[in-house]
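Reviewing the structure listed below.
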Amino acid sequence: ILPLQSPYLNSEPFNDQVYARVENNTSGCFTIVQLNLLVANTPILNAISDYVQIDIGNDGVEFFDLTNKIPEIVNSQTEVTVIFFETEIDAYNNENSIIDPAIYQNISNPQTIYVRLENDNTSCFSIGNFNLIVDASAGINDENTISFSIQPNPASEMIQIQSDSFSSETNVEVYNIQGQVVFSEVKNATTGSFTINVSDLASGMYFVQIQSEGKTVAKKLIKQ
């Protein structure tokens, strides 16, 4: 008597019990079994602030360390995992996650990044998003700059820096993301190019700054 309707809303929070009656249509014999209904907590994902980077190359493209957002996303919750995606559908399906979120280059400006915050024990999840913004207003783009190229980039050992605007004495400095100078040297650039050995640098993102004839410019370098 009084069979439950489906869908059924559990009356006891988190852990409820219902009973199923399995009956033989011919004999009327039946068996009663208990079914436990368990409701698992879903991780709480609040609004995530945008991630803004200065436009070093004045090209609208920068490298972002998405892992910097993890403390804000997790917000003191434990036993959860943060996964980053480029599309919302991938976040829901847990497919095509961003392979290396520590060195991610935006593909549009602004760009929305989707976050899947998943409970490690139950696999319940919440979906959120934030924007990557490259601040073009802070880029270098005036008459006191020069242009140069870095090849290869990313690099593991030697890089070649080339420009048509180098003077005979060109100062080159390499900074890490903390703003510390990890390389500094005056190069003879009469040929328009010179090489630097970066094999001793730890993997990560750096900035190569060139000063030549009173002009200064900086570009990103990814060390593999």
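Remember, predicted model here, so these are calculated numbers, not experimental data. Values reported hereafter were calculated over all heavy atoms of this structure, with side chains retained and with hydrogens, waters and symmetry mates removed.
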Margin query: F64: which residues meet the ring-ring contact (aromatic ring centres under 6.0 Å, His included) condition with it, sequence neighbours left out?
Written below: Y51
Notebook entry, point to check: Got a sec, which residues hit salt bridge (Lys or Arg N to Asp or Glu O under 4.0 Å) with E173, two or more places apart in sequence or on another chain?
Noted result: none
Margin query: Within a 6.0 Å radius of atom CG on L35, are there more than 12 heavy atoms belonging to other residues, nucleotides or ligands?
Written below: yes
Checklist line | Residue pair S126 / T42: nearest heavy atoms and the distance that separates them | finding: OG-CG2, 3.0 Å
Next item on the list: Could you tell me whether a side-chain N or O of R21 sits under 3.5 Å from a main-chain N or O of I32, the two making a donor and an acceptor?
Entry: no
Notebook entry, point to check: Can you get from V18 to V33 by hopping between Ile, Leu, Val, Met, Phe, Trp and Tyr side chains that sit under 4.5 Å apart?
Noted result: no
Notebook entry, point to check: Rounded to the nearest 0.5 Å, what separation is found between the CG atom of L9 and the CG atom of L4?
Noted result: 11.5 Å
Note to self: Counting only heavy atoms from other residues, nucleotides and ligands, does the tally under 6.0 Å from CD of E157 exceed 12?
What the structure shows: no
Item checked: Under 3.5 Å: donor-acceptor pair, side chain of K223, backbone of A202 -> no
Check: Could you give the distance from CG (N10) to CG (N36), rounded to the nearest 0.5 Å?
Finding: 12.0 Å
Item checked: Hydrophobic cluster membership, V80 vs L45, 4.5 Å side-chain cutoff -> yes
Next item on the list: Please examine the side chains of Q105 and E62, heavy atoms only from C-beta on, and report whether any two atoms are closer than 4.5 Å.
Entry: no
Notebook entry, point to check: Is the shortest heavy-atom distance from the side chain of D16 to the side chain of Y8 under 4.5 Å?
Noted result: yes
Note to self: Check this for me: I127, atom CD1, are more than 12 non-hydrogen atoms of other residues, nucleotides or ligands nearer than 6.0 Å?
What the structure shows: yes
Next item on the list: Only one of L221, T195, N153 passes side chain to side chain contact (heavy atoms under 4.5 Å, CB included) with I159; say which it is.
Entry: L221
Next item on the list: Apply the test side-chain contact (heavy atoms from CB on, under 4.5 Å) to residues V82 and V115: give CA-CA distance (whole Å), side-chain angles for both, the deciding distance (0.1 Å), then the verdict.
Entry: CA-CA 7 Å; V82 178; V115 176; 3.8 Å; yes
Notebook entry, point to check: In the single-linkage hydrophobic clustering (I, L, V, M, F, W, Y; side-chain heavy atoms under 4.5 Å), do V52 and F130 co-cluster?
Noted result: no
Check: For the residue pair S27 and N24, what are the closest heavy atoms and their distance?
Finding: N-OD1, 3.0 Å
Note to self: Is any side-chain heavy atom of E86 closer than 4.5 Å to one of N96?
What the structure shows: no
Next item on the list: Please examine the side chains of I150 and V208, heavy atoms only from C-beta on, and report whether any two atoms are closer than 4.5 Å.
Entry: yes
Notebook entry, point to check: At their closest point, which heavy atom of E23 faces which heavy atom of G28, and how far apart are they?
Noted result: CG-O, 3.8 Å
Margin query: Go through it in stages, so that I can follow the logic: the residues are N129 and T112, the test is side-chain hydrogen bond (donor to acceptor under 3.5 Å, both in side chains), and I'd like the CA-CA distance, side-chain angles, deciding distance and then a yes or no.
Written below: CA-CA 7 Å; N129 65 78; T112 301; 5.4 Å; no
Checklist line | From CD (Q160) to CD (Q151), nearest 0.5 Å | finding: 8.5 Å
Checklist line | I196 vs F183, side-chain contact (heavy atoms from CB on, under 4.5 Å): CA-CA, chis, key distance, verdict | finding: CA-CA 9 Å; I196 294 177; F183 177 91; 3.8 Å; yes
Check: Are L132 and F85 in one and the same hydrophobic cluster, where Ile, Leu, Val, Met, Phe, Trp and Tyr link if side-chain heavy atoms are under 4.5 Å apart?
Finding: no
Next item on the list: Check step by step if side-chain contact (heavy atoms from CB on, under 4.5 Å) holds for F14 and N41.
Entry: CA-CA 8 Å; F14 301 107; N41 280 327; 3.2 Å; yes
Next item on the list: Check whether any side-chain N or O of N93 sits under 3.5 Å from a backbone N or O of E95 as a donor-acceptor pair, and report yes or no.
Entry: no
Checklist line | Within-4.5 Å side-chain heavy-atom neighbours: I83 and F125 | finding: no
Margin query: To the nearest 0.5 Å, what is the distance between CD1 on I113 and CG on N131?
Written below: 9.0 Å
Next item on the list: Would you check if I222 and F63 make a side-chain contact, meaning some heavy-atom pair closer than 4.5 Å?
Entry: yes
Item checked: Side-chain heavy-atom pair T170, F194 within 4.5 angstrom cut-off -> yes
Check: Rounded to the nearest 0.5 Å, how far apart are CG of L201 and CD of Q224?
Finding: 13.0 Å
Check: So how far is it from N68 CG to I73 CD1, rounded to the nearest 0.5 Å?
Finding: 10.5 Å
Notebook entry, point to check: Does the pair S97 and D90 meet the rule for a side-chain hydrogen bond (donor to acceptor under 3.5 Å, both in side chains), with working shown?
Noted result: CA-CA 7 Å; S97 62; D90 283 344; over 6 Å; no
Item checked: Q77 to L117 - nearest heavy-atom pair and separation -> NE2-CD2, 3.7 Å
Checklist line | Minimum-distance pair of heavy atoms, taken over all atoms of P43 and C124 | finding: CD-O, 3.5 Å
Note to self: Determine whether N106 and Q111 satisfy the following criterion, side-chain hydrogen bond (donor to acceptor under 3.5 Å, both in side chains), listing intermediate values before the conclusion.
What the structure shows: CA-CA 7 Å; N106 62 302; Q111 178 186 350; 5.1 Å; no
Check: If you look at every heavy atom in G204 and I103, which pair is closest and at what distance?
Finding: CA-CD1, 4.4 Å
Check: If two hydrophobic side chains count as joined below 4.5 Å and joins carry through other members, does I107 share a cluster with I98?
Finding: yes
Check: Counting distance only, does the side-chain N/O of D65 pair as donor-acceptor with the main-chain N or O of T67 below 3.5 Å?
Finding: yes
Check: How about Q53 and D135: do any of their side-chain heavy atoms sit closer than 4.5 Å?
Finding: no
